There are 2 protein chains.
Amino acid sequence: MYAELQLDNQVCFRLYTAARLVTQAYAPMLTELGITYPQYLVLMVLWEKDCQPVNDIARRLLLETNTVTPLLQRMEKLGIISRKRGEQDKRQHLVSLTVKGRDMEQKAYSLIPAGMSEQLASCPLKLEDYQRLVQELDSIINTFKK
Amino acid sequence: MYAELQLDNQVCFRLYTAARLVTQAYAPMLTELGITYPQYLVLMVLWEKDCQPVNDIARRLLLETNTVTPLLQRMEKLGIISRKRGEQDKRQHLVSLTVKGRDMEQKAYSLIPAGMSEQLASCPLKLEDYQRLVQELDSIINTFKK
DNA sequence: ATAAATAATATCGCGCGCGATATATTGTTA
DNA sequence: TAACAATATATCGCGCGCGATATTATTTAT
C-alpha cells in the first residue's frame, strides 16, 4: 500500500475526471449547435481571429496537427469552416469560418454561458476560487507544455 | 467578441489541456510498464482491493462500463488481469490481478513518483497549492458527477 | 410460477489524441 | 544550382470515452 499509488492521492486522476465531466456538461448545448467540444475550441480560436493556418490553431490549442487536421476535415464537412491553400506558402492550409460558422457565435453565446452557469449553481466554488484555479492550471500547463 | 466565449477565459479548456499534458508526462514511465494511463488507473483500483466486478471499477473511476469493458479486455490480453464470472451473481465479471499485475505495483512505485517529481521540479506550485487544487477539483467533480 | 422490470456486462459506431510515417513545399548550404 | 535539411500538412493505426443498443441473469410483481 504505497500512498503515492493510491487513487485518492492523484492530482492527475482528478484533472482527467474533472475535464471529462465538465466537457460532458457542455454536451447538451453543443449538441444543439451540432458540434463537439474540440470543435467548439476550434471555433473559439477562429472567432477570435479568422483565417489561420492549421499550425497556428494547433499551437493555440496545444494539440498536434495530426489531431487538428481530421478535426478540421470533419468541420469542413459540417459546413462551418473552409480551407484553402496559402498563396505565398503553398504548404499551408488556411482555415476560415463559413457564414454558418460565424453565425454560430451568436447561438453559442445565447446557449453556453447560461447553460453552464445553471449547472454550476450547486458548485461551492466562488469567483476567486475559479481565478486561483485558472492560475494553478496555467502553472501546470506551462510546466508540461513543449 | 464575447468575453465568455474567449479561449483565455475558459476553465474547461485549461482542465482539458492540463489533463492531457499531465497524462503525457506519465507516458515515459507507463511505456516502461507496458500500459496506458487509463490502464494504470484500473491497476490502482485493483492494487487497493483485488477482485472487483466491472461495475465497481467503473464507478470508482467515474467511467461508463462500455469504456471499462474493452479496457479490461485489453488488459487481460496483456496478462495483467483475469476475469471470471461471479458465482452468486453470474451476470458479474470479477476482475482480479494476475501475478504479473500484482508485481507491477513495485515497479510502478520505483518509476512513477520519482519520474513525476522530477518533471514537476520546475512547477512553481507548492504542496499547499496542490492540496487546494485537489479540493477545488473535487468540488467540480462532485458538482457534475451523476 | 410466469411475465415484466431491472441490473451487469458487452457490442457497435464515431470522434478524438497521438506516435509514427509520408508527402509536398520551402529554405539552406555546399 | 543541385543536394539536403527543415517546415506544413496529411495519413495510418490504436486506445480510449461515450451514446445507443443488445444479451444474459436476477429481481419483482402479478
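What you see below is based on every heavy atom in this structure, not just the backbone, and it leaves out hydrogens, waters and symmetry mates. Everything numeric in this text was worked out from a predicted model, so none of it was measured. Just so it is clear: chains get the letters A, B, ... in the order the sequence lines come, proteins before strands, and each one is counted from 1.
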S.K.: Do A/Y26 and A/Q119 pair up side chain to side chain, a donor and an acceptor below 3.5 Å, judged on atom types alone?
M.R.: no

S.K.: Looking at A/Q39, I'd like to know whether one of its side-chain N or O atoms comes within less than 4.0 Å of OP1 or OP2 on C/dC16.
M.R.: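 True: A/Q39 side-chain N/O within range (under 4.0 Å) of C/dC16 OP1/OP2.
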
S.K.: Starting at the 5' end of DNA chain D, which residue's closest nucleotide do you reach first, B/K90 or A/R20?
M.R.: A/R20

S.K.: Please determine if a side-chain N or O atom of B/H93 lies less than 4.0 Å away from the OP1 or OP2 oxygen of C/dA8.
M.R.: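 For C/dA8, OP1/OP2 do not have a side-chain N/O of B/H93 under 4.0 Å.
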
S.K.: What's the closest nucleotide to the side chain of A/P70 if the choices are D/dG17, D/dT11, D/dA20?
M.R.: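 Selected nucleotide (nearest to the side chain): D/dT11.
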
S.K.: If only side-chain N and O atoms of A/R83 are considered, is one of them under 4.0 Å from the OP1 or OP2 phosphate oxygen of D/dA10?
M.R.: yes

S.K.: Would you call A/E64 and A/K146 a salt bridge, taking side-chain N to carboxylate O under 4.0 Å as the test?
M.R.: yes

S.K.: A/L71 CG to C/dC18 P: how many Å, rounded?
M.R.: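 So the CG-P distance, A/L71 to C/dC18, works out to 12 Å.
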
S.K.: If you measure from CD1 on B/I35 to CZ on B/R74, what distance do you get to the nearest 0.5 Å?
M.R.: 13.0 Å

S.K.: Is B/T67 near enough to D/dG17 that one of its side-chain N or O atoms lies under 4.0 angstrom from OP1 or OP2?
M.R.: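 The answer is no; no side-chain N or O of B/T67 sits under 4.0 Å from OP1 or OP2.
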
S.K.: Provide, to the nearest angstrom, the distance between the CG atom belonging to A/L30 and the C1' atom belonging to C/dG15.
M.R.: 13 Å

S.K.: Return the value, rounded to whole Å, for the distance between atom OH of B/Y26 and atom C1' of C/dC18.
M.R.: 19 Å

S.K.: Could you please name the option among D/dA10, D/dG17, C/dA8 that lies closest to any side-chain atom of A/T65?
M.R.: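 So the side chain of A/T65 is nearest to D/dA10.
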
S.K.: Are B/Q73 and D/dG15 close enough that a side-chain N or O sits under 4.0 Å from OP1 or OP2?
M.R.: no

S.K.: Would you check if the side chain of B/T69 reaches a backbone N or O of B/N66 as a donor-acceptor pair within less than 3.5 Å?
M.R.: no

S.K.: In whole Å, what is the span from the NZ atom of A/K77 to the C1' atom of C/dC14?
M.R.: 12 Å

S.K.: Contact class for A/T36 (heavy atom, under 4.0 Å): base, sugar-phosphate, or nothing?
M.R.: sugar-phosphate

S.K.: Go through D/dT9, D/dG17, C/dC18 for me and flag the one nearest to the A/P53 side chain.
M.R.: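 That would be D/dT9.
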
S.K.: Taking CD from A/E64 and P from D/dA8, how many angstroms apart are they, rounded to a whole number?
M.R.: 13 Å

S.K.: I want to verify a distance call: between D/dT9, C/dT11, C/dC16, whose nearest atom is closest to the A/V54 side chain?
M.R.: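 Among the listed nucleotides, the one closest to the side chain of A/V54 is D/dT9.
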
S.K.: Would you say the side-chain atoms of B/T98 pair up with the backbone N or O of B/G79, donor to acceptor, closer than 3.5 Å?
M.R.: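 Such a contact is found between B/T98 side chain and B/G79 backbone.
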
S.K.: Just how far, in rounded Å, is P of D/dA8 from CD of A/Q88?
M.R.: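 Between P of D/dA8 and CD of A/Q88: 12 Å.
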
S.K.: Side-chain N or O of B/N55 versus OP1/OP2 of C/dA8: is the shortest distance under 4.0 Å?
M.R.: yes

S.K.: A/R91 side chain: which of C/dT11, D/dT9, C/dT25 is closest?
M.R.: C/dT25

S.K.: So, A/K100 side chain and A/L78 main chain: donor-acceptor pair closer than 3.5 Å or not?
M.R.: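 A pair under 3.5 Å: yes.
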
S.K.: I want to check one thing: is the phosphate of C/dC16, taken as OP1 and OP2, less than 4.0 Å away from some side-chain N or O of B/Y16?
M.R.: no

S.K.: Among D/dG19, C/dA8, C/dA20, which is the nearest nucleotide to the side chain of A/N66?
M.R.: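 Nearest to the side-chain atoms of A/N66, counting from C-beta on, is C/dA20.
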
S.K.: Just the rounded figure in Å: distance from C1' of D/dG15 to CG of B/L63.
M.R.: 13 Å

S.K.: On DNA chain C, check which nucleotide each of B/D89 and A/D89 is closest to and give me the residue with the more 5' one.
M.R.: B/D89

S.K.: Report yes if a side-chain nitrogen or oxygen of B/R85 is closer than 4.0 Å to either non-bridging phosphate oxygen (OP1 or OP2) of C/dA10; otherwise report no.
M.R.: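 No, outside the criterion.
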
S.K.: Separation of B/Y37 atom OH from C/dG17 atom P, in whole Å?
M.R.: 16 Å

